[in-house]
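Notes for the one structure printed next.
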Amino acid sequence: VMHILEFPDPRLRTVAKPVAKVDDELRKLIDDMLETMYAAQGIGLAATQVNVHQRLLVLDVSEERDQPMVFINPEIVPLGDDTKTYDEGCLSVPGFYETVERPDRVRVKALDRDGNPFEMDCEGLLAVCLQHEIDHLDGKLFVDHISRLKRDRIKKKIEKLQKQQA
Ligand SMILES: O=C(O)C[C@@H](Cc1ccccc1)[C@H](O)SCc1ccccc1
Ligand SMILES: [Zn+2]
């Protein structure tokens, strides 16, 4: 499995570049990311989190953890103005959950693992996870959607934990 970068690592702030070629090398990375996501009990993982700065994410929002999805060079637009809040966590900010408000339905266009374009309208946990992962590709974290006071408290707690582990 791959190492997952942890907040406040500045590499998590990198804006990922579009994937140039969907080839066997990329498919190997996709499989390594899925293995890493399942091992970490995550329901999504963006390439940024494993220090690969290409616009690629994987997720599996199924109960049975047997429906992996791959989005390459994803583009999303909100469908309607309705928003919903969700208590988000993040494999890169372990142990912290905060309420984040996001559009409740989105349309996503992306390439699949064979490089074929597809389009989907998403809602529910899939819409939340997609937006959370695409934030990662733009160097954003869910803690950017909460107050600076709360973010600074989380930063101090995590840095204290990281010192203890060092
Ligand atoms: O770090 C990540 O990007 C993976 C997140 C994805 C995620 C965050 C918030 C909302 C939906 C998806 C991890 O899966 S956070 C752990 C988790 C697991 C189940 C449900 C919610 C959060
Ligand atoms: Zn995350």
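Counting from 1, the numbers follow the sequence of the chain as shown. In listed order, ligands and their atoms are each counted from 1.
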*asked:* For the metal site, I want the angle between atom NE2 of His136 and atom SG of Cys90 with the Zn ion (ligand 2) at the apex, to 10°.
replied: 100°
*Can you list the atoms of ligand 1 that are under 4.0 Å from a heavy atom of Gln49?*
1 (O), 2 (C), 3 (O)
*Among all protein heavy atoms, pick the one closest to atom 3 (O) of ligand 1 and tell me residue, atom and distance.*
Glu133 OE2, 2.8 Å
*Which one holds for Tyr86 and ligand 1: side chain close, backbone close, both close, or neither close, with close meaning a heavy atom under 4.0 Å?*
side chain
*asked:* Rounded to the nearest 0.5 Å, what separates atom CG in Asp60 from atom OH in Tyr38?
replied: 3.5 Å
_Heavy-atom count check: over 12 atoms from other residues, nucleotides or ligands less than 6.0 Å from Arg153 CZ?_
no
_Top protein contact for atom 16 (C) of ligand 1, by heavy-atom distance_ = Tyr97 OH, 4.1 Å
*Is a donor on one side and an acceptor on the other found under 3.5 Å between the side chain of Glu133 and the backbone of Ala46?*
yes
*Would you check whether Glu88 has a nitrogen or oxygen atom less than 3.5 angstrom from a nitrogen or oxygen atom of ligand 1?*
no
*Measuring from Ile43:CD1 to Arg65:CZ, what's the distance to the nearest 0.5 Å?*
7.5 Å
*Where on Met37 is there a heavy atom closer than 4.0 Å to ligand 1, on the side chain, on the backbone, on both, or on neither?*
neither
_Using modelled atom types and a 3.5 Å cut-off, is there a donor and acceptor pairing between side-chain atoms of Asp144 and backbone atoms of Leu141?_
yes
*Got a donor-acceptor contact below 3.5 angstrom from the Arg55 side chain to the Val19 backbone?*
no
*Are more than 12 heavy atoms from other residues, nucleotides or ligands located less than 6.0 Å from atom CD of Glu119?*
yes
*For Asp114, does its backbone N or O pair with a side-chain atom of Asp112 as donor and acceptor, under 3.5 Å?*
yes
*Heavy atoms only: which of Ile43, Val93, Ile4, Val61 is nearest to atom 19 (C) of ligand 1?*
Ile43
*Distance-only N or O hit between ligand 1 and His132, under 3.5 Å*: yes
*Got an N/O contact under 3.5 Å between Leu91 and ligand 1?*
yes
*Option whose closest heavy atom lies nearest to atom 9 (C) of ligand 1, chosen from Ala46, Gly89, Gly44, Gly42*: Gly89
